[in-house]
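Working notes, beginning with the structure itself.
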Number of protein chains: 2
Amino acid sequence: MAKQKQDEGQAPKLTINDIARMAGVSKKTVSRVINRSPLLNRETRDKVEAIIRETGYVPNPQARALALGRNFLIGLVYDNPNVQMILSMQKGILEALHGTEFELVIRPVDRGSRQVMEDIQGFVTRQRLFGVVILPPLSENDALARMLDEQGCRYVRMGSAVLDDPEHMVVSNDREAVADAVRYLISQGHRRIGLVAGPHGFRSAQERREGFELALAEAEIGLPRSLIAQGEYTFESGLSASESLLDLSPRPTAIFASNDEMAAGVLYAARLRGISVPDELSIIGFDDTPVTTRVWPPLTTVRWPIVAMGRAAALKLIGTAIGEDEDVNEPSMFSSTLIRRGSVAPPSAS
Amino acid sequence: MAKQKQDEGQAPKLTINDIARMAGVSKKTVSRVINRSPLLNRETRDKVEAIIRETGYVPNPQARALALGRNFLIGLVYDNPNVQMILSMQKGILEALHGTEFELVIRPVDRGSRQVMEDIQGFVTRQRLFGVVILPPLSENDALARMLDEQGCRYVRMGSAVLDDPEHMVVSNDREAVADAVRYLISQGHRRIGLVAGPHGFRSAQERREGFELALAEAEIGLPRSLIAQGEYTFESGLSASESLLDLSPRPTAIFASNDEMAAGVLYAARLRGISVPDELSIIGFDDTPVTTRVWPPLTTVRWPIVAMGRAAALKLIGTAIGEDEDVNEPSMFSSTLIRRGSVAPPSAS
DNA sequence: GTCCACACGGACACCGGTGTCATAAGCATC
DNA sequence: GATGCTTATGACACCGGTGTCCGTGTGGAC
């Protein structure tokens with residue numbers, strides 16, 4: 001009764017002092033309980049923990065952040081226009097963070113902007129971020145990784161291939177996945193296979209292209225430059241890039257597009273010309289985004305486990321440090337699967 | 001030189017004390033400059049501001065948060081599966097927050113879960129959030145709004161119609177938008193128009209349905225129950241729900257689907273039955289998501305300004321408080337536009 | 001010339017945690 | 001029984017800001 005005025009305001013707003021008083025110990029001891037210090041008497045720990053549980057006390061994150069010089073925030077940094085990927089990553093990260101004391105802070109930056117480094121540095125140091133997850137293509141920026149190292153900020157780089165920095169990477173093996181997809185086309189009898197490549201400056205675009213070339217080389221199929229069109233990972237670019245391929249004579253009997261949006265563009269271009277898919281033209285995309293099942297015919301594509309990779313990235317981040325004794329050994333290399341739908345068939349006339 | 005050791009560690013990590021020393025004033029004076037206190041000598045203010053600018057000093061957000069009992073974080077809370085909407089909202093909010101000291105923290109909650117309230121309350125109070133933006137359908141939860149009021153947490157509710165709580169709402173006028181879309185169908189000569197409604201429990205579904213009914217009533221067109229199918233805002237649900245409509249005899253000559261995903265499902269179902277769109281069936285969707293232009297024919301749909309609404313919500317949040325003398329009078333009601341693409345034509349045989 | 005109001009600046013406590021170090025208690029050793 | 005060592009706990013300063021309150025200097029009114 002004396003000085004206690006619990007139910008006066010709205011929230012109890014318990015502090016560490018309140019807990020200490022109730023438990024008849026000092027602040028520091030409560031702090032030790034919270035931080036799982038090993039040099040604590042069992043009984044004391046149990047007593048304090050009981051009170052914490054009863055009262056529902058939660059330490060103030062701001063105070064901890066101030067004292068520790070480190071926040072319990074994970075940043076998600078990207079310069080990527082790919083909506084589906086961003087959201088799937090977000091989903092995976094949030095799954096991993098769920099139930100922990102970590103929160104996710106979003107930070108898009110302008111692709112190509114000069115201030116990207118300053119932006120991110122400011123973000124990271126100001127907010128005293130615990131760590132950041134970086135999405136491609138920004139994740140391919142080694143200078144950024146170096147800067148984060150210098151700032152002492154943990155980070156995980158998502159990517160399509162292992163870079164120099166394996167311990168900070170969570171990757172899918174795009175090259176092999178695409179090679180598999182193209183091998184499938186070849187096994188169906190296709191020999192004139194076109195490529196709609198992704199934009200320069202994207203490692204994933206390069207990897208996918210190499211996978212494409214690899215499969216063709218294996219089968220000793222030549223690859224004239226005319227069978228390669230340059231896209232920008234957008235629907236429109238896929239649409240216009242594929243026109244040069246569809247104008248060829250003889251026309252390719254199959255096209256691999258480096259992502260689903262462009263594959264949808266190829267499909268659209270084919271329809272505009274009255275080319276029947278898959279009878280006259282087979283198409284394979286990459287990403288397994290929802291659009292693949294919305295169009296007709298549904299697109300055969302390569303699925304990579306974005307959500308799982310996001311989860312792994314977050315676990316890697318929070319696992320390596322505060323002994324959240326989760327399964328830190330989550331694999332850092334993920335493999336993809338070919339999803340067979342309706343856009344591939346053997347070529348009509350060989 | 002004396003005690004200054006700037007370039008020793010990685011980051012300068014300037015504190016308010018450093019600035020005070022350099023300016024030859026006290027901490028408090030610097031604090032006053034930062035917080036734009038009006039009772040300050042012009043010269044002093046200028047001097048301190050100059051030093052802050054030179055040194056690039058930024059106050060530690062954690063310390064401010066602790067002292068003020070309030071963080072400079074905006075939460076985005078949703079229980080919604082609609083990827084496109086979430087990301088567009090995020091984009092708008094981030095645009096508004098760009099260049100301010102605010103950051104965006106993401107918080108999805110399980111739709112329908114019993115713990116939603118506790119979850120959000122914990123989130124809000126623990127992080128001492130400055131405010132939250134709530135997306136539908138969670139934004140329709142009045143109990144949540146009440147709880148936030150009690151917690152003294154600012155909030156903005158996104159929605160499809162003004163609820164009891166106008167000052168906290170940013171809304172689009174779905175009813176009128178749908179009525180317009182249906183009026184357009186009627187003007188094209190359609191009389192048998194089917195509806196694929198959205199799920200129960202979504203205000204937007206109800207509003208869109210009412211708009212549909214309104215337009216029909218205006219034109220004195222009857223609406224038998226058989227012309228209404230129930231969907232769940234997903235592609236699959238649109239696909240299966242539309243089957244009952246397409247089985248009718250006489251078949252509806254047009255279908256309004258309450259969102260684009262379901263409209264894509266209707267289109268898909270039509271294709272499966274060999275029904276030609278738009279010749280034999282007109283379709284209108286809602287949202288103007290990318291899928292509308294990926295399918296064939298491209299879907300006529302209703303576009304609502306999600307990004308702008310997200311921006312407005314964030315401005316409303318940060319504008320009302322700390323005299324960020326931005327344009328706080330951003331409108332809170334947004335109107336939608338009918339986007340005419342290729343999925344509507346006059347009925348073939350009237 | 002004196003007094004007062006007022007504008008400004010500084011000392012100090014405080015927000016709610018954590019790190020450092022000292023100290024008390026417990027126990028084996030000699 | 002004194003010594004030394006380990007283990008459990010607490011006192012206190014500190015993280016980097018902000019609020020309160022008081023002291024000082026200045027200008028205007030009389």
Side-chain angles (χ1 to χ4, degrees), chain A residues 3 9 11-49 51-52 55-73 101 125-128 130 152 321-322, chain B residues 9 11-49 51-52 55-73 101 125-128 130 321-322:
Chain A
K3 291 176 182 175
K13 292 283 170 64
L14 287 166
T15 76
I16 199 170
N17 285 308
D18 300 323
I19 304 299
R21 202 181 324 117
M22 293 183 207
V25 299
S26 72
K27 294 168 70 169
K28 186 60 210 178
T29 301
V30 179
S31 169
R32 290 205 180 92
V33 172
I34 295 169
N35 293 288
R36 307 226 168 93
S37 162
L39 13 83
L40 257 184
N41 189 340
R42 248 212 104 68
E43 293 168 29
T44 314
R45 173 192 306 277
D46 289 346
K47 185 174 57 178
V48 175
E49 278 183 345
I51 294 188
I52 289 180
T55 56
Y57 164 71
V58 180
N60 179 325
Q62 279 72 44
R64 298 189 78 186
L66 179 58
L68 286 167
R70 161 164 44 85
N71 222 327
F72 288 82
L73 297 176
E101 56 203 326
T125 63
R126 231 197 307 296
Q127 297 296 328
R128 301 287 195 287
F130 183 91
I322 300 290
Chain B
K13 293 280 171 67
L14 287 166
T15 75
I16 199 170
N17 285 309
D18 300 323
I19 303 298
R21 202 181 325 116
M22 293 183 206
V25 299
S26 74
K27 295 169 68 169
K28 186 58 206 174
T29 302
V30 179
S31 169
R32 288 207 181 95
V33 172
I34 296 169
N35 292 289
R36 308 226 168 94
S37 160
L39 12 83
L40 258 185
N41 189 341
R42 246 211 105 68
E43 293 168 29
T44 313
R45 173 191 307 276
D46 290 346
K47 185 173 56 177
V48 175
E49 278 183 345
I51 293 188
I52 289 179
T55 56
Y57 164 73
V58 180
N60 178 325
Q62 279 74 43
R64 298 189 79 186
L66 180 58
L68 287 166
R70 161 164 45 84
N71 221 327
F72 288 83
L73 298 176
E101 57 202 327
T125 63
R126 233 198 305 297
Q127 297 296 329
R128 303 286 196 284
F130 184 90
I322 301 291

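Numbered from 1 within each chain, the chains take letters A, B, ... in sequence-line order. If you're wondering where the values come from, they're calculated on a predicted model, not measured in any experiment. Heavy atoms only: backbone and side chains are in, while hydrogens, waters and symmetry mates are out.
- For the pair A:Asn35 and A:Arg64, the minimum side-chain heavy-atom distance is below 4.5 Å.
- Two residues are said to be in side-chain contact when any heavy atoms from C-beta on lie closer than 4.5 Å; A:Ile34 and A:Ile16 meet this criterion.
- Rounded to an integer number of Å, the gap from A:Gln62 CD to D:dC15 C1' is 14 Å.
- An OP1 or OP2 oxygen of C:dG10 is reached within less than 4.0 angstrom by a side-chain nitrogen or oxygen of B:Ser26.
- Summary of the strand contacts: A:Ala67 and B:Lys27 both lie near DNA chain C, and taking for each the nucleotide with the nearest heavy atom, the more 5' one is attributed to B:Lys27.
- In this structure, the CG atom of A:Asn17 is 8 Å from the P atom of C:dC15, given to the nearest Å.
- Side chain A:Arg32 to base D:dG10: a donor-acceptor pair is found below 3.5 Å.
- Residue A:Ile16 places its side chain closer to C:dG17 than to any other of C:dA13, C:dG17, D:dG19.
- A sub-4.0 Å separation between OP1 or OP2 of D:dG10 and a side-chain N or O of A:Thr29 is present.
- With hydrogens and angles disregarded, no donor-acceptor distance shorter than 3.5 Å links the side chain of B:Ser31 to the backbone of B:Lys27.
- Distances shorter than 4.0 Å separate none of the side-chain N or O atoms of B:Thr44 from OP1 or OP2 on C:dC8.
- Note on B:Val25: only backbone sugar-phosphate atoms sit closer than 4.0 angstrom, heavy atoms only; bases stay farther off.
- Separating the CG atom of A:Asn41 from the P atom of D:dG10 is a distance of 11 Å, rounded to the nearest angstrom.
- Atom CD of B:Glu43 is separated from atom P of D:dT26 by 12 Å (rounded to the nearest Å).
- When each of C:dG17, D:dC15, D:dT20 is scored by its nearest atom to the side-chain atoms of A:Leu66, the top-ranked nucleotide is D:dC15.
- When each of C:dT18, C:dG9, C:dG16 is scored by its nearest atom to the side-chain atoms of A:Lys28, the top-ranked nucleotide is C:dT18.
- For B:Asn60, counting side-chain heavy atoms from C-beta on, the closest listed nucleotide (D:dG16, D:dT18, C:dT18) is D:dG16.
- At least one side-chain nitrogen or oxygen of B:Asn35 sits closer than 4.0 Å to the OP1 or OP2 atom of D:dT18.
- Looking only at distances, no side-chain donor or acceptor of B:Arg32 sits under 3.5 Å from a matching main-chain atom of B:Arg45.
- A:Val30 has its side chain within reach of A:Val25: a pair of non-hydrogen atoms, C-beta onward, lies under 4.5 Å apart.
- Considering only side-chain atoms of A:Ala63, the nucleotide from C:dG16, D:dC21, D:dT18 that sits closest is C:dG16.
- For the pair A:Tyr57 and C:dG16, the criterion of a side-chain N or O lying under 4.0 Å from OP1 or OP2 is not met.
- The side chain of A:Thr15 lies closest to C:dG17, out of D:dG19, C:dG17, C:dG10.
- Between A:Glu101 atom CD and C:dG17 atom C1' there is a gap of 13 Å when expressed in whole angstrom units.
- Contact check, B:Ser31 against D:dT18: a side-chain N or O comes under 4.0 Å of OP1 or OP2.
- One interatomic measurement links the two molecules: CZ of B:Arg126 to P of C:dG17, which rounds to 12 Å at whole-angstrom precision.
- Taking atom CZ on A:Arg21 and atom P on C:dG17, their separation rounds to 12 Å, with Å as the unit.
- One can place CG of B:Leu68 at 12 Å from P of D:dG17, the figure rounded to the nearest angstrom.
- Checking the phosphate oxygens (OP1, OP2) of D:dG16, no side-chain nitrogen or oxygen of B:Arg64 falls inside 4.0 Å.
- A donor-acceptor pair is defined here as one N or O able to donate and one able to accept, closer than 3.5 Å; no such pair exists between the side chain of A:Asp46 and the backbone of A:Glu43.
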